[in-house]
Each structure stands twice: as structure tokens, then as C-alpha cells.
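Working notes, beginning with the structure itself.
Chain letters run A, B, ... following the sequence lines, proteins first, then strands; residues in each count from 1.
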Amino acid sequence: MSSIQASRGTRDILPDEVGYWQRVEAIARDILTRAAYREIRTPIFEQTTLFERGVGEATDVVSKEMYTFQDRGDRSLTLRPEGTAGVARSYIDHNLSAQGGVQRLWYVGAMFRYERPQAGRQRQFHQLGVEVLGSADFRADAEAIALATEILQTLGLKDLRLDLNSIGDSSDRQKYREALVAYLTPFKEELDADSQDRLTRNPLRILDSKDPRTQTILDQAPGILDYLSPDSQRRFDRVQQLLSDLGIACNVNSRLVRGLDYYTHTVFEIQSDDLGAQATVCAGGRYDGLVAELGGAETPAVGWAMGLERLILLLQQIQPATPSPVDFYIVSRGEKAESQALTLAQSLRRSGFITELDLSGSAFGKQFKRADRSDAVACLILGDTEAETKTVQLKWLRSGEQTAIEQTALLEMVDKLRQQIFRLRDD
RNA sequence: GCGAGCGUAGCCAAGUGGUUAAGGCAGUGGUUUGUGGUACCACCAUCCGGGGGUUCGAGUCCCCUCGUUCGCCCCA
């Protein structure tokens with residue numbers, strides 16, 4: 001095709017689909033606002049080193065999926081592959097900890113990863129996330145998870161699984177890593193190729209290998225939960241208890257490890273069976289080391305991110321797209337009438353009515369046809385006769401009932417019209 | 001980055017080497033230039049994602065390329 005198309009892995013969100021996005025954002029905003037979380041908007045690109053240090057140089061995201069470029073000032077910049085590092089950077093940059101207490105933040109926006117596109121996986125995609133900075137309280141973990149499930153539930157999503165695990169603190173993990181490597185090394189030849197490679201690079205990630213043989217070997221492997229310090233263990237127990245108190249079902253999955261380096265203690269993942277290979281809708285956990293790693297003060301933190309494309313894929317399976325409603329469709333003909341129609345439209349819009357003005361200038365018959373297709377509740381008709389007398393024909397499109405009314409009178413009965421429209425739209 | 005499938009109009013889709021590329025929905029115009037939803041009529045792909053090749057002849061076969069889907073990897 002010679003015409004220009006959207007780039008690989010990017011997608012237009014067209015008007016017919018945008019209702020899903022608005023709904024997700026509205027519900028999330030509402031729930032998070034009531035939990036006293038505040039929105040933060042950080043730049044789409046950051047210095048490359050932020051992600052190298054924050055996300056981890058050895059991770060796949062950083063080592064092979066970043067959109068990195070040199071700007072004209074020869075700086076190395078990167079389109080953000082995730083949201084947490086930028087928020088943490090901003091927190092340090094603006095010394096938000098100086099405002100005291102806990103910072104509860106949320107964000108929504110586009111993220112970029114150079115990956116092979118697939119259903120539920122794009123190169124530009126959108127995440128909605130929360131970050132709670134400055135609290136080590138295990139209630140912060142539970143609250144964050146509860147907000148995620150609340151959003152998903154309010155959207156009407158069911159059949160989601162919450163997996164929970166603790167990967168302890170760095171010393172727990174260090175001990176566990178040694179034990180795991182010690183166990184797996186004798187089996188090295190039997191592991192899948194990727195896992196063999198990870199044995200030296202990132203042994204914990206072998207745990208979520210999908211290779212059946214590797215999984216069989218892992219059946220007898222030591223579990224991370226046996227290596228948690230008493231403190232870490234207590235934290236994990238408390239988080240589980242709090243979730244259970246909130247009525248949130250979860251299953252402990254000791255093989256759950258996350259792909260980004262900054263996680264500590266609590267990690268979790270919410271998955272759906274209705275998404276194919278990209279099953280994770282929401283994931284996150286605690287990241288007590290990140291802020292210090294980026295040069296800030298020691299700051300405990302917890303957060304998560306949701307993949308909005310995946311969320312909307314699920315929504316589309318359970319509910320039809322919502323058509324955009326129209327209250328009044330205005331048809332007009334003749335110079336005077338046409339200008340009065342515009343004035344009338346403006347007034348009705350100020351009164352809160354969704355008002356579509358036919359701009360085609362075509363015959364009344366055509367305009368009515370479009371009025372009908374717009375699915376408007378009522379039609380307002382202005383021709384030469386109405387223009388002369390400052391009246392308008394009000395036609396209820398469902399019943400066909402039509403009355404003449406003065407334009408000023410119409411604008412004075414907005415409350416009555418609102419009720420009438422509300423009633424008719426419900427049918 | 002690897003493996004496999006697919007790609008015909010805005011959407012769905014027939015077409016399995018041979019004259020002008022079915023059909024449906026949507027759209028546009030008309031019957032009906034002051035009254036819609038029904039009905040009827042007409043129009044709506046010089047072209048089959050793009051490029052090259054085989055052939056007397058290609059949407060149909062081959063190669064390359066782009067996009068997409070599914071899986072691996074990875075992740076939201």
C-alpha cells in the first residue's frame with residue numbers, strides 16, 4: 001500500500017471504541033480519588049539511564065525492548081517502557097517526600113516497548129498504575145491490591161485470578177538464589193535452553209519457565225517461601241490476612257517472580273483465561289529499593305500497573321460498545337433559518353443537551369434521514385416559516401408527534417425537556 | 001529475535017490459472033427539493049497489502065517485502 005499507515009505495533013483508537021477507554025479511566029479515577037490517590041503526569045521520555053538503573057540492565061525490557069534515541073543535543077533518551085521509574089524519578093526530583101507522609105499517586109498513559117506485536121501486546125500500549133511511596137506498612141500492599149481488584153470488579157470483569165507471592169528482601173533472595181542454583185545445576189543439561197542461560201544470569205526467572213520438563217524439575221526445587229526471614233515471613237502473612245479480611249481471594253504461587261529488578265517482598269499478578277498468551281491484566285508489588293537506587297532517600301514503596309488494551313479486550317467480550325447519544329438533531333433550510341438553528345444549538349448545548357446540527361445544507365428529506373440515523377430523541381425543524389415567526393417545530397422521533405413552539409419558550413422549558421428525553425431514552 | 005497461519009471495497013465475504021472481480025451490511029443519489037424510519041431503483045474495487053518473477057494469460061503459482069494473527073521469548 002502506498003498510503004501511510006499506523007506504524008507497526010501501534011493502533012488508532014477510533015470513536016466507536018473510545019467509550020471503553022473513557023469508561024475505564026472514569027471508573028479508575030473515581031475509585032482512586034476516593035482512596036485519596038492523586039494523579040501524576042510525568043514525561044513520555046526520560047534519560048536512558050533512568051530505566052537502565054531503575055528497571056535493571058539485565059532485564060529483557062531494558063536490554064532489548066527500549067525505544068532509545070539520541071536527541072539533537074546528543075543526549076540518550078528513551079521512550080518510557082513502564083511508569084514506575086518515571087514516577088520515582090519525579091518523586092526524588094521534586095523532593096515529594098519533603099511534603100511529609102505517604103505519597104499516593106496514580107497515572108495513566110502510553111508506554112513503549114519494542115516487541116513483536118501480538119493480541120494484547122503492542123509497541124505503544126497504555127498502562128494505568130498506582131504508586132504508594134513512603135510507606136512500609138503492609139496495609140499499603142493490601143490497599144493497593146484491593147484498589148486494583150475494586151477497579152476490575154466495578155468494570156464488571158469476572159473470572160480473574162489473583163496470584164500472590166513474596167520474594168523477600170535482597171538477603172532472603174540471595175540465599176534462595178544460591179539454593180536454587182545448587183539444586184538446578186545437576187539438572188542443567190535437562191533444562192530448556194533459555195533456562196540454562198538464565199541459570200547464571202537470572203536464576204529466579206527459571207521459575208516461570210513454561211517448558212514442561214523444566215517445570216517437572218522445578219517440582220522438587222526449594223521454594224522461596226522457605227527462605228524468607230522471620231520479618232519477611234510476617235509481612236507476607238499479614239498481607240494475606242488483610243486480603244482475606246477484605247474478602248479478596250488469592251492463591252499463593254511461590255513460582256511467581258517478576259521481570260523487573262526493583263521488586264521486593266510482595267509481588268502479585270492478576271490474570272485472565274480469556275486473553276490467550278498475554279494473560280496478565282495487572283501486576284505489581286513492593287519495591288523498597290528503587291528510590292534509593294535512583295539516588296533518593298531509602299523509601300519503601302508499592303505499586304502496580306494495568307494494561308489497558310488487555311483490559312478493554314476483556315470488556316469488549318462482555319459488553320457491547322456504547323453508542324454516543326444525541327438529544328436534539330436540528331434540521332434547517334434557508335439562510336435565516338440556518339443561522340437561527342446555530343444559535344438555538346448553542347443555547348441548547350449550554351443547557352446541557354447533546355445537540356447535533358445538520359450542516360449538509362441538503363433537502364429536508366435528507367436531513368431527516370440523517371436525524372433518524374443519529375438516533376436522536378427529538379428533532380428540531382427550522383424553515384422559512386419558523387424563521388419568520390421565531391418558532392421551531394419540535395418532533396419526537398420515536399412517536400412522530402410534532403408541535404410548533406416559540407424558540408424562547410423552548411429554551412424556557414429545558415427542565416421539562418430533560419425529563420422527557422430521559423424517559424424516552426430509557427425505553 | 002525465532003516458528004506457523006493469514007492479507008480481496010469502510011466492514012463481512014465469494015473466488016481453487018482463462019473474457020468486463022459474486023453477494024451482504026454500511027455509504028451516496030433518486031422515486032419524495034417542508035418531514036425520517038419501510039419499499040423499490042441506481043451508483044459505490046481500472047483492481048485483489050506492496051514489489052518482482054513464472055506463464056500466451058495470475059487475485060489464484062513462486063520469491064522478496066510490509067502488515068496482522070497465533071505460539072515461543074518477554075510482559076501490562
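With both ends at atom C1', the span from B:A9 to B:C43 equals 14 Å, rounded to whole Å. A gap of 26 Å separates the C1' atoms of B:U55 and B:C66, to the nearest Å. Taking atom C1' on both nucleotides, B:C44 is separated from B:U54 by 35 Å, rounded to a whole Å. A gap of 13 Å separates the C1' atoms of B:G7 and B:U65, to the nearest Å. B:A21 and B:C47: their P atoms are spaced 11 Å apart (whole Å). Across B:U20 and B:G15, the matching C1' atoms stand 16 Å from one another, rounded to whole Å. Atom C1' of B:G29 sits at a distance of 24 Å from the matching atom of B:A22, rounded to the whole Å. Using atom C1' as the reference point in both B:U38 and B:C48, the two lie 36 Å apart (nearest Å).
Between A:F268 atom CZ and B:A76 atom C1' the separation is 11 Å, expressed in whole Å. If you measure from atom CG of A:D384 to atom P of B:U35, you get 14 Å, rounded to the nearest angstrom. Between the CD atom of A:E65 and the P atom of B:C75 there is a distance of 7 Å, given to the nearest Å. Regarding A:E115, its CD atom lies at a distance of 9 Å from the P atom of B:C75, rounded to whole Å. Between A:R201 atom CZ and B:C73 atom C1' the separation is 11 Å, expressed in whole Å. Residue A:R370 contributes atom CZ, which lies 19 Å from atom P of B:U32 at whole-angstrom precision.
The base of B:U35 lies close enough to the side chain of A:Q402 for a donor and an acceptor atom to sit less than 3.5 Å apart. Put simply, the side chain of A:E386 and the base of B:G34 share a donor and an acceptor less than 3.5 Å apart.
Between the side chain of A:S209 and the backbone N or O of A:R205, no donor-acceptor pair lies under 3.5 Å. Side-chain atoms of A:T214 come within 3.5 Å of backbone N or O of A:D192 as a donor-acceptor pair. A donor-acceptor contact shorter than 3.5 Å is absent between the side chain of A:R333 and the backbone of A:G383.
A 4.5 Å side-chain heavy-atom check between A:L380 and A:L394 finds at least one atom pair inside the cut-off.
Relative to the ring axis of A:F353, A:R418 places its NZ or CZ within 45° and under 6.0 Å from the centre. Cation-pi geometry between A:R41 and A:Y107 is not met: the NZ or CZ atom fails to fall both under 6.0 Å from the ring centre and inside 45° of the normal.
In this structure, B:U38 makes no Watson-Crick or G-U wobble pair, since no nucleotide meets both defining distances under 3.5 angstrom. The pairing partner recorded for B:A14 is none, the criterion being a Watson-Crick or G-U wobble arrangement whose two distances lie under 3.5 angstrom. Here B:C72 sits opposite B:G1 as a Watson-Crick or G-U wobble pair (both hydrogen-bonding atom distances under 3.5 Å). Checking B:G27 for Watson-Crick or G-U wobble geometry (two distances, each under 3.5 Å) identifies B:C43 as its partner. Remark: B:A9 base-pairs with no nucleotide; criterion is Watson-Crick or G-U wobble with both hydrogen-bond distances under 3.5 Å. Shown here, B:U32 forms no base pair; nothing in the strands shown gives a Watson-Crick or G-U wobble contact with both key distances under 3.5 Å. Remark: B:G59 base-pairs with no nucleotide; criterion is Watson-Crick or G-U wobble with both hydrogen-bond distances under 3.5 Å.
The shortest distance between the side-chain N/O atoms of A:R258 and the OP1/OP2 oxygens of B:A76 is below 4.0 Å.
Residue pairs meeting the ring pair (Phe, Tyr, Trp, His ring centres under 6.0 Å) criterion with at least one member in residues 178-203 of chain A, sequence neighbours excluded: A:Y183-A:F187.
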All N/O contacts under 3.5 Å from nucleotides 37-39 of chain B to the protein, with atom names and distances to one decimal?
from: B:G37; atom 1: O4'; to: A:D372; atom 2: OD2; distance (Å): 2.9
from: B:G37; atom 1: N2; to: A:L397; atom 2: O; distance (Å): 3.4

Identify each atom pair where a protein N or O and an N or O of nucleotides 66-71 of chain B are less than 3.5 Å apart, giving names and distance.
from: B:U68; atom 1: OP1; to: A:G9; atom 2: N; distance (Å): 3.1
from: B:U68; atom 1: OP2; to: A:R8; atom 2: NE; distance (Å): 3.0
from: B:U69; atom 1: OP1; to: A:R11; atom 2: NH2; distance (Å): 3.3
from: B:C70; atom 1: OP2; to: A:A119; atom 2: N; distance (Å): 2.4
from: B:G71; atom 1: OP1; to: A:A277; atom 2: N; distance (Å): 3.0
from: B:G71; atom 1: N7; to: A:Q118; atom 2: NE2; distance (Å): 3.3

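No more than 12 heavy-atom neighbours from other residues, nucleotides or ligands sit within 6.0 angstrom of CZ on A:R11. In this structure, A:D16 places its CG atom where only 12 or fewer heavy-atom neighbours from other residues, nucleotides or ligands lie under 6.0 Å away.
Heavy atoms of A:Q122 sit under 4.0 angstrom from at least one base atom. A:T385 comes within 4.0 angstrom of a base, heavy atoms only. Here A:R113 lies in heavy-atom contact (under 4.0 Å) with a base. At the heavy-atom level, A:E309 lies nowhere under 4.0 Å from the strands shown. Within the nucleic acid shown, A:Q393 comes within 4.0 Å of at least one base atom, counting heavy atoms only.
Aromatic stacking of A:F368 on B:U35: satisfied, with centres closer than 5.5 Å and planes within an angle under 30 degrees.
Side chain to side chain, A:Q420 and A:R423 meet the donor-acceptor criterion of an N or O pair below 3.5 Å.
Which of B:A76, B:U33, B:C73 sits closest to the side chain of A:K64 comes down to B:C73.
In terms of heavy atoms, A:P222 sits closest to A:Y176 at O-OH, 2.9 Å.
Contact check on A:D194 versus A:R201 returns no salt bridge, with no Lys/Arg side-chain nitrogen under 4.0 Å from an Asp/Glu carboxylate oxygen.
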